> 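Below you'll find the structure I mean.
Not measured: the values here are computed from a predicted model.
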2 protein chains.
Amino acid sequence: MSLKHAILGFLKLMPMSGYDLKHMFDSSVQYYWSATHSQIYQTLEKMLKDNLVTQEIVHQVEHPNKKIYRVTEAGEKELHDWLSTPQDLPVMRHKLLVQMAWADELTNDEIISLLETYAARVRERLDLYHSEEQKTQLEYARSDRERFLWRMILENGIATYERELEWLQRVIEGLAEFAEE
Amino acid sequence: MSLKHAILGFLKLMPMSGYDLKHMFDSSVQYYWSATHSQIYQTLEKMLKDNLVTQEIVHQVEHPNKKIYRVTEAGEKELHDWLSTPQDLPVMRHKLLVQMAWADELTNDEIISLLETYAARVRERLDLYHSEEQKTQLEYARSDRERFLWRMILENGIATYERELEWLQRVIEGLAEFAEE
DNA sequence: CTGCCCATGTAAATGGTTACATGATTGA
DNA sequence: TCAATCATGTAACCATTTACATGGGCAG
């Protein structure tokens, strides 16, 4: 499980609530790791039981109380151990590719429509990657090396999606050769 | 759920058993969709109940009996409907990138070791993509257009992993600038 | 005689999504 | 007054992995 480890990393950067974590995942990591709020709250509970984090309730007047979590020593060790463990290739679950495998029963127009819709979503994602917000977040890095690593993560995403766009274009162009009569 | 749909596509290509399906997933689709045998058997049972497939028991002498599944009309419809539905971007769950996000607490050598191990796995995967077996499978395509689509799927995988290798190389080189004293 | 291929399953656990639920404050 | 933000949670379900389980045939 790496949701746990992604959370530990964020909390080490800065103690925060489950709500804050959700925003962190949505704004910076969403693109290579995601989590719903229910999953985050439940995982935090479990991590608390396992003594990986501590909880402090902060009473607020104008807002609901919040629970601030902090990484414990055991949590730091858990994170460090995981960080030193080589990971397998991520399992690809690429629905569009499954569709393409069996798409010969669709018309050219139908296939192209699938590809175009997908391309539009890829472009949206790319816009997010290129947004100012992403650059701002690099400011929070705690060292030049950390900033470099964060920039590399961003660039990985950008390259991934740009490559995907090129591929989509090639498929669309290639399909033209199979004009329907 | 697209395991169901990937299965329907395979069965439409050729009626087969759960065991055969497992091999199909492992040899051709593993790289963009995967499933364990337990998942396949259970899904087939469910699909049978839902009348998406029929089951025929083939008695064998030298081997255990096998259950051959065929797509029903309802199954064809289910597949066709799904094929015409645009898909969202796949959720990326890239553990190595999560590690990189928090890797500043590792030494350069430790980070590079993570990256190199990962790169070795990417190269293995690329070898699979470039293997003869992959080219042979293109023969089973039922039309030129289908063969084109299958080739594009393969090329998507190849491009993905080649890009990943380039990125890994850039990170490794970039890290050198942060030499440890 | 060892280990792989054939062929099927079940059970338990983990991970993840979706829906249901509440309720005050703030800005348009 | 409508919608969004803040802030938390539970319950049900679905998807996926891992482990447990069986047993004959065949090749080295």
Side-chain angles (χ1 to χ4, degrees), chain A residues 1-8 15-27 29-30 32-50 52-53 55-69 82 87-95 98, chain B residues 1-8 15-27 29-30 32-50 52-53 55-69 82 87-95 98:
Chain A
M1 212 235 295
S2 10
L3 174 57
K4 187 163 78 177
H5 302 106
I7 289 177
L8 285 171
M16 61 181 101
S17 68
Y19 188 83
D20 297 331
L21 279 166
K22 171 62 177 154
H23 285 280
M24 285 294 192
F25 277 96
D26 285 353
S27 63
V29 185
Q30 181 188 57
Y32 60 91
W33 205 272
S34 71
T36 56
H37 76 271
S38 46
Q39 216 189 335
I40 292 171
Y41 288 124
Q42 280 167 151
T43 304
L44 282 171
E45 268 311 306
K46 204 167 153 287
M47 290 166 73
L48 186 62
K49 264 186 219 146
D50 295 346
L52 301 176
V53 294
Q55 188 190 65
E56 180 201 354
I57 295 166
V58 175
H59 297 274
Q60 298 186 118
V61 191
E62 313 277 301
H63 289 301
N65 296 341
K66 49 159 92 181
K67 298 177 175 176
I68 301 295
Y69 294 89
W82 179 77
Q87 300 299 321
D88 281 329
L89 297 192
V91 185
M92 265 213 238
R93 298 203 179 272
H94 202 315
K95 292 189 190 186
V98 178
Chain B
M1 214 237 296
S2 11
L3 175 56
K4 185 162 81 179
H5 304 107
I7 288 177
L8 285 170
M16 61 181 102
S17 66
Y19 187 82
D20 298 331
L21 280 166
K22 171 61 178 155
H23 285 282
M24 286 294 193
F25 277 96
D26 284 354
S27 63
V29 185
Q30 181 189 60
Y32 59 91
W33 205 270
S34 72
T36 57
H37 76 271
S38 46
Q39 215 188 336
I40 291 171
Y41 288 124
Q42 280 167 142
T43 304
L44 282 171
E45 267 312 304
K46 202 165 156 289
M47 290 166 73
L48 186 64
K49 263 187 218 144
D50 296 344
L52 302 175
V53 294
Q55 187 190 67
E56 180 201 350
I57 293 167
V58 175
H59 296 275
Q60 298 187 119
V61 189
E62 313 277 301
H63 287 302
N65 297 340
K66 51 159 88 179
K67 298 177 174 174
I68 301 294
Y69 294 90
W82 180 77
Q87 301 299 321
D88 281 330
L89 297 192
V91 185
M92 265 214 239
R93 296 201 180 276
H94 202 317
K95 293 189 191 187
V98 178

> Return the value, rounded to whole Å, for the distance between atom NZ of B:Lys66 and atom C1' of D:dT22.
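Checked: the NZ to C1' distance equals 19 Å.
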> Using whole Å, report how far CD1 of A:Ile40 lies from C1' of D:dT8.
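Taking atom C1' of D:dT8 as the reference, CD1 of A:Ile40 is at 12 Å.
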> Within a strict 4.5 Å, meaning less than it, do heavy atoms of the B:Lys66 and B:Gln60 side chains meet?
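They are in side-chain contact.
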> For B:Val61 and for A:Ser17, find the nucleotide of DNA chain D with the closest heavy atom, then tell me which residue's nucleotide is more 5'.
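So the residue in question is A:Ser17.
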> Checking A:Pro15 now: which residues fulfil side chain to side chain contact (heavy atoms under 4.5 Å, CB included) with it, not counting sequence neighbours?
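A:Ile68, A:Arg70.
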> Do A:Val53 and A:Leu8 come within less than 4.5 Å of each other through their side chains, counting heavy atoms only?
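Sidechains of A:Leu8 and A:Val53: in contact.
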> For A:Asp50, which residues count as a side-chain hydrogen bond (donor to acceptor under 3.5 Å, both in side chains) partner, sequence neighbours excluded?
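With neighbours one apart ignored, the set is empty.
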> Please list, in 5' to 3' order, the outermost nucleotides of DNA chain C lying under 4.0 Å from any heavy atom of chain A.
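Terminal contacting nucleotides, 5' to 3': C:dG15 to C:dT26.
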> Measure from OH on A:Tyr41 to C1' on D:dT10 and round the result to the nearest Å.
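From A:Tyr41 OH to D:dT10 C1': 13 Å.
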> Please state how far atom CG in A:Leu21 lies from atom C1' in D:dC6, giving the value in whole angstrom units.
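Value for this atom pair: 15 Å.
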> Would you indicate whether the side-chain heavy atoms of A:Val91 and B:Trp33 approach each other to under 4.5 Å?
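Sidechains of A:Val91 and B:Trp33: no contact.
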> Run the salt bridge (Lys or Arg N to Asp or Glu O under 4.0 Å) test against A:Lys22 and tell me which residues pass, sequence neighbours left out.
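A:Lys22 satisfies salt bridge (Lys or Arg N to Asp or Glu O under 4.0 Å) with A:Asp26 once adjacent residues are dropped.
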> Test of understanding: with side-chain hydrogen bond (donor to acceptor under 3.5 Å, both in side chains), list the residues that count as partners of A:Thr43, not counting sequence neighbours.
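With neighbours one apart ignored, the set is empty.
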> Generate the contact string for nucleotides 11-18 of chain D. Rules: B means base contact, S means sugar-phosphate contact only, - means no protein heavy atom under 4.0 Å.
----SSBB
> Would you call A:Leu21 and A:Tyr69 a side-chain contact if the rule is heavy atoms closer than 4.5 Å?
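Answer no - side chains too far apart.
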> Among all residues two or more places apart in sequence or in another chain, which pass the salt bridge (Lys or Arg N to Asp or Glu O under 4.0 Å) test with A:Glu45?
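Partners of A:Glu45 by the salt bridge (Lys or Arg N to Asp or Glu O under 4.0 Å) criterion come out as none, since no residue qualifies.
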> What protein N or O atoms touch nucleotides 2-5 of chain D N or O atoms at under 3.5 angstrom, if any, and at what distances?
none

> Check side-chain hydrogen bond (donor to acceptor under 3.5 Å, both in side chains) between A:His94 and all other residues, then give those that pass, not counting sequence neighbours.
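Partners of A:His94 by the side-chain hydrogen bond (donor to acceptor under 3.5 Å, both in side chains) criterion, ordered by chain and then number, come out as A:Tyr118, A:Glu164.
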> Taking only residues two or more places apart in sequence or in another chain, which ones pass side-chain hydrogen bond (donor to acceptor under 3.5 Å, both in side chains) with B:Lys95?
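By the side-chain hydrogen bond (donor to acceptor under 3.5 Å, both in side chains) rule, B:Lys95 matches no residue at all.
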> Excluding sequence neighbours, so at least two apart, what forms ring-ring contact (aromatic ring centres under 6.0 Å, His included) with A:His63?
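Partners of A:His63 by the ring-ring contact (aromatic ring centres under 6.0 Å, His included) criterion come out as none, since no residue qualifies.
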> Tell me the bend of the helix from C:dC1-D:dG28 to C:dA28-D:dT1 as the angle between end helix axes, each from five pairs, rounded to the nearest 10 degrees.
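About 40° separates the two local helix axes.
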> Return no unless some side-chain N or O of A:His23 is found under 4.0 Å from OP1 or OP2 of D:dA7.
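For A:His23, the contact criterion (side-chain N or O under 4.0 Å from OP1 or OP2 of D:dA7) is not met.
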> Can you tell me if A:Arg93 and B:Ser2 form a side-chain donor-acceptor pair at under 3.5 Å?
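There is no such pair between these side chains.
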